[in-house]
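Below you'll find the structure, written out as structure tokens, and then a few comments.
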There are 2 protein chains.
Amino acid sequence: MNIGQASAASGVSAKMIRYYEGIGLIPMAGRTEAGYRVYTAADVNTLRFVRRARDLGMPIERIRLLVGLWQDRARSSGDVKRIALEHVSELRTKIAELTAMCEALEGLAHACHGDHRPDCPILEDLEAGGRQARTRAGRRRRVDADQGVSSEAA
Amino acid sequence: MNIGQASAASGVSAKMIRYYEGIGLIPMAGRTEAGYRVYTAADVNTLRFVRRARDLGMPIERIRLLVGLWQDRARSSGDVKRIALEHVSELRTKIAELTAMCEALEGLAHACHGDHRPDCPILEDLEAGGRQARTRAGRRRRVDADQGVSSEAA
DNA sequence: CTTGACCTTCCCACGATGGGAAGCCCCATG
DNA sequence: CATGGGGCTTCCCATCGTGGGAAGGTCAAG
């Protein structure tokens, strides 16, 4: 099996297969006399394992641990579960960060009338460093200078 | 104002201030005779604006647009809002991706007894490419080979 | 034998940030 | 005035995972 075929069979690009080999995530593939890499069905299995772990958002180093456990007959599932839950925890943290950003920006966008006039709570908030906006609960005043076209920012 | 003072006042590292100047996100700072960058209060305002936008997770190119609108007296708030909502949309997409990963892995971790034995649904799923696991609803069978210490994966 | 598709290695790029080296500048203290 | 420490300058490198592309070798079909 060529690298191209292994790539098609595993869903991992040839470029990435070489990279994974280079960093020692997967064992070095065999070679033909001409220097072409050769892959077995077991190699493709490993590549699929890696790809699935990547799909779950895991960084390479965590995958390296999992591959090690996967190939360790004497592993304990507790170790695997610990790594998985560690990743779940990081995912949750990331989700919370993004959600906070999203909600803050949604609040600002909601307060912006979004028409042809330059007056814009979004820019005002960015300018003020989000201080007033987060002191209370989203928008700090009831868009009072709503008619004033001239009260711009910078 | 030195770059160090501008950094402290804006919350943007000196390294990043130079970088932002280098990529043209902020205008080139003035210089003393000795070549030191000099910053005004207005420059610090711009830096704070950028930092706040970064805190909302915006990539530099989007911030570049916003800075342009911010300094454009004739801007329309609709343009600002459109950019903001575009970013909200991308944040939501990212959150959805991470949530999907998180739930998938949580389901697998939940199905894993996490003890000293090697039998592990997490590794089995990674090996199988998540096919069986997602066909139904999380775990595909009721951990039936629970006592079998020998039914390992690779 | 030619041609086109594939493989090889090597370098570069991204995006945003930090680290660090080599060298110059400024100020304060002795 | 000299010296030292800290701040400034530029330049290079690293991250992390991925893709692009060049230059050259190989393989299989026509």
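Here is the naming used below: chain letters follow the sequence lines, and residue numbers restart at 1 for every chain. Because the structure is predicted, anything quoted here is derived from the model rather than measured.
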Check: Between B:Asp55 and B:Arg51, is there a salt bridge with N-O shorter than 4.0 Å?
Finding: yes
Margin query: Can you confirm whether A:Ile3 sits close enough to A:Tyr36 that some side-chain heavy atom of one is under 4.5 Å from a side-chain heavy atom of the other?
Written below: no
Side chains of residues 12-27 of chain B: which donor-acceptor partners sit under 3.5 Å, not counting sequence neighbours?
from, atom 1, to, atom 2, distance (Å)
B:Ser13, OG, B:Met16, N, 3.1
B:Glu21, OE1, B:Arg37, NE, 3.0

Margin query: From CD1 of A:Ile17 over to C1' of D:dT18, roughly how many Å is that when rounded to an integer?
Written below: 14 Å
Next item on the list: Check every atom of D:dT9, C:dC25, D:dT26 against the side chain of A:Ala34 and return the nucleotide holding the closest atom.
Entry: D:dT26
Next item on the list: Can you measure from NE2 (A:His113) to OG (B:Ser77) and round to the nearest 0.5 angstrom?
Entry: 4.5 Å
Item checked: Spacing between A:Tyr39 atom OH and C:dT8 atom C1', to the nearest angstrom -> 11 Å
Next item on the list: Give the rounded distance in Å between these two atoms: CD1 of A:Ile26 and P of D:dG17.
Entry: 14 Å
Check: Rounded to the nearest Å, what distance is computed from the CE atom of residue B:Met28 to the P atom of nucleotide D:dT10?
Finding: 11 Å
Check: Quick one: is B:Asn2 getting a side-chain N or O under 4.0 Å of the D:dG7 phosphate, OP1 or OP2?
Finding: no
Next item on the list: Give the rounded distance in Å between these two atoms: CG of A:Leu56 and P of D:dG17.
Entry: 14 Å
Item checked: A:Glu90 with A:Arg62: basic N within carboxylate O range, under 4.0 Å -> yes
Checklist line | For atom CD of A:Glu33 and atom C1' of D:dG25, their distance in whole Å | finding: 15 Å
Checklist line | Rounded distance in Å - CD (B:Gln5) to P (D:dG7) | finding: 10 Å
Next item on the list: Output, in order, the C-alpha distance, side-chain angles, deciding distance and verdict of side chain to side chain contact (heavy atoms under 4.5 Å, CB included) for B:Asp125 and A:Arg52.
Entry: CA-CA 9 Å; B:Asp125 181 276; A:Arg52 172 76 177 136; 3.0 Å; yes
Check: When hydrophobic residues are tied together by side-chain contacts of less than 4.5 Å, even through go-betweens, does B:Val50 share a cluster with A:Met101?
Finding: no
Margin query: Using whole Å, what does the distance between atom P of nucleotide D:dG17 and atom CZ of A:Arg51 come to?
Written below: 17 Å
Notebook entry, point to check: When every nucleotide of nucleotides 12-20 of chain C is labelled 5' to 3' by its protein contacts under 4.0 Å (heavy atoms), B for base, S for sugar-phosphate only, - for none, what sequence of letters results?
Noted result: ----BBSBB
Margin query: Consider side chain to side chain contact (heavy atoms under 4.5 Å, CB included). Of A:Ile95, A:Thr93, A:Thr99, which one does B:Leu98 pass it with?
Written below: A:Ile95
Notebook entry, point to check: Distance-only, no hydrogens or angles: does the B:Arg92 side chain make a donor-acceptor pair with backbone N or O of B:Ala96 under 3.5 Å?
Noted result: no
Next item on the list: For the helix from C:dC1-D:dG30 to C:dG30-D:dC1, measure the angle between the helix axis at one end and the axis at the other, each built from five pairs, rounding to 10°.
Entry: 30°
Next item on the list: Examine C:dT9: is either OP1 or OP2 under 4.0 Å from a nitrogen or oxygen in the side chain of A:Arg31? Give yes or no.
Entry: yes
Next item on the list: Tell me what A:Arg37 touches on the nucleic acid: a base, only sugar-phosphate, or nothing, going by heavy atoms under 4.0 Å.
Entry: sugar-phosphate
